[in-house]
Amino acid sequence: MFRLLQRGREVGPALARHPRATHPGARSAGGQVPGAGLAGPPLGGLLYGVSHALPFLADALSYVASFTTLAFIRADLRVRRREPAGPWWQEVGAGVRWLLGQPFIRVTVVCMALANIMFQALTLVVIVLARHLGASAGVTGAVLGFFGFGGLAGAFAAPWIQRRLPPRTVAIGAAWLWAALLVPIAAMPTPLTLGPLVAAMAFVSPVWNVVVVGYQYKVIPDHMLGRVKSVVLLVSWGAIPFGSLIAGALLDGVGPRAAVLALSGIGLLVAVIATTSPGIRKAVVLAEH
C-alpha cells in the first residue's frame with residue numbers, strides 16, 4: 001500500500017503544467033470525492049430498490065472502468081529519482097523524519113486524521129438519525145446527497161477562497177465551523193432539515209483540501225513528495241475506520257442525537273489544535289512571502 005500511494009503521489013508534478021499551480025492532488029481531493037458523493041447516494045438507493053446485489057455489481061464495474069482508463073494516459077509518468085529506491089522501511093522512515101521536522105504538515109496531518117474520523121462517524125450517525133426522525137430510505141438517500149451537493153459547491157468555491165484567504169484562516173476557520181454546525185444537527189426536528197447543515201459541513205471540506213493540502217504540496221520537495229505524502233495519507237486515511245467504530249459505539253450507547261454532540265467534541269478538539277498551533281501560524285508567513 002505504501003508503494004502504491006508513493007508512486008501515485010510522485011506522478012503529480014509530471015501532470016502539473018505550471019510549477020506554481022495548485023497541485024493536481026489538492027484539486028482532485030477537493031472535487032472528485034464531493035462529485036461522487038453527490039451522485040452516489042441517490043444512485044445507490046435506486047439500484048438497491050431494483051436488486052439488493054445491484055449496487056455491489058455497479059461498484060465492481062466502476063473499478064473495472066477506472067482500471068481501463070489507465071490505458072489512455074499518454075503523459076510520461078516516470079519519476080526521475082536522485083538515487084535508487086531503497087527498502088520500503090527506509091522509504092517510510094525518510095518520509096516520517098521529514099514530516100516530523102515540518103510543524104505545519106505535522107499538525108495538519110493530525111487535524112486531517114481527526115476530521116476524517118469525525119466525518120466517517122457522522123455519515124453513519126446521520127443515517128440513523130434520519131431514520132430515527134421517520135425518514136424513508138429515499139429521504140435518507142436525499143439527506144446523504146446533501147453531503148455531495150455541499151462538497152461539490154465547496155470544490156467550485158475553493159480556488160476563489162484560496163486566492164483570498166491564507167492557510168491559517170482556512171485551517172482554523174474550517175475546524176470551528178465543523179464544531180459549530182454539529183450542535184444544531186443534533187437538534188433538528190425533521191429529516192430534511194438535516195440537509196442544509198450537512199451540506200454546509202461538506203462545503204468546508206474541499207476548501208480545506210485545496211488550501212491546506214495544496215500548501216503541503218508546495219512545501220514538500222519534489223524528490224520527497226511520494227514518501228512524505230504516502231505517510232500523510234496512511235495516517236489520515238488509516239484513521240477513517242475508527243470513525244465507524246466510534247459511530248457504532250455511540251449509537252449503541254447514547255443514541256443518534258447524543259452521538260452528534262459527542263462528535264462535535266472531536267470537531268472542537270480539531271479547532272483547538274489548529275488555533276493553538278504555532279506551526280500553522282508560521283506557515284502563513286511562508287505562504288504569504
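Side-chain atoms are counted along with the backbone in the values below, which use heavy atoms only and exclude waters and symmetry mates.
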What residue among I127, L194, L129 forms side chain to side chain contact (heavy atoms under 4.5 Å, CB included) with T140? I127
What are the two closest heavy atoms between I117 and A239, and how far apart are they? CG1-O, 3.2 Å
Exam field: side chain R168 to backbone I280, donor-acceptor pair closer than 3.5 Å: no
The remaining residues in the hydrophobic cluster of V183, counting side-chain heavy-atom contacts under 4.5 Å among Ile, Leu, Val, Met, Phe, Trp and Tyr, are L261
Can you list the other members of the hydrophobic cluster that holds I172, where links are side-chain heavy atoms under 4.5 angstrom apart? W176, L268, V272
Considering non-hydrogen atoms only, spot the tightest contact between V125 and P256 and give its length. CG1-O, 3.6 Å
Would you say the side-chain atoms of S244 pair up with the backbone N or O of I240, donor to acceptor, closer than 3.5 Å? no
Any idea which heavy atoms bring F146 and V198 closest together, and the distance? CB-CG2, 3.7 Å
Listed by chain and number, what are the ring-ring contact (aromatic ring centres under 6.0 Å, His included) partners of W208, not counting sequence neighbours? W178
Going by heavy atoms in the side chains, are W98 and I220 under 4.5 Å from each other? yes
Counting N and O atoms only, with roles assigned by atom type, does the side chain of T108 sit under 3.5 Å from a partner on the main chain of F104, one being a donor and the other an acceptor? yes
Rounded to the nearest 0.5 Å, the CD1 atom of I266 sits from the CG atom of L182 at a distance of 9.0 Å
Atom CG in L61, atom OG in S66: separation rounded to 0.5 Å? 10.5 Å
Any non-hydrogen side-chain atom of P206 less than 4.5 Å from a side-chain atom of F156? no
Closest heavy-atom pair, A259 versus V254, reported as atoms and distance to 0.1 Å, is N-CG2, 3.8 Å
Give the intermediate values and the outcome of side-chain contact (heavy atoms from CB on, under 4.5 Å) for residues L114 and I273. CA-CA 11 Å; L114 291 172; I273 292 173; 3.8 Å; yes
Taking atom CG of L122 and atom CD1 of I246, what is their separation to the nearest 0.5 Å? 12.5 Å
CA sep, side-chain torsions, deciding dist, call: M112, V232, side-chain contact (heavy atoms from CB on, under 4.5 Å): CA-CA 9 Å; M112 288 164 61; V232 169; 4.2 Å; yes
Do M118 and M201 make a side-chain contact, defined as non-hydrogen atoms from C-beta onward lying under 4.5 Å apart? yes
Report yes if some heavy atom in the side chain of V228 is under 4.5 Å from a heavy atom in the side chain of Q102; otherwise report no. no
What are the two closest heavy atoms between P191 and A130, and how far apart are they? CG-O, 3.9 Å
Please walk me through it: do K229 and Y217 pass side-chain contact (heavy atoms from CB on, under 4.5 Å)? CA-CA 8 Å; K229 287 304 295 183; Y217 279 112; 3.7 Å; yes
Taken to the nearest 0.5 Å, the spacing of R106 CZ from L99 CG works out to 8.0 Å
Rounding to 0.5 Å, atoms CE (M188) and CG (L133) come to a distance of 10.0 Å
Same apolar cluster (I L V M F W Y, side chains within < 4.5 Å links), V212/W160: yes
Looking only at the side chains, is there a donor atom on one of T190 and T193 sitting less than 3.5 Å from an acceptor on the other? yes
Using every non-hydrogen atom in the two residues, find where G267 and A179 come nearest and quote the distance to one decimal. C-CB, 3.6 Å
Are any non-hydrogen side-chain atoms of N116 and F242 less than 4.5 angstrom apart? no
For the residue pair L165 and V207, establish whether any side-chain heavy-atom pair is separated by less than 4.5 Å. no
Answer with yes or no whether the hydrophobic clustering places L124 together with V126; edges join I, L, V, M, F, W, Y residues whose side-chain heavy atoms lie under 4.5 Å apart. no
Approximate separation, where rounding is to 0.5 Å, of C111 SG and L269 CG: 8.0 Å
Would you say that L177 contacts F203 through its side chain, given a criterion of any heavy-atom pair below 4.5 Å between the two side chains? no
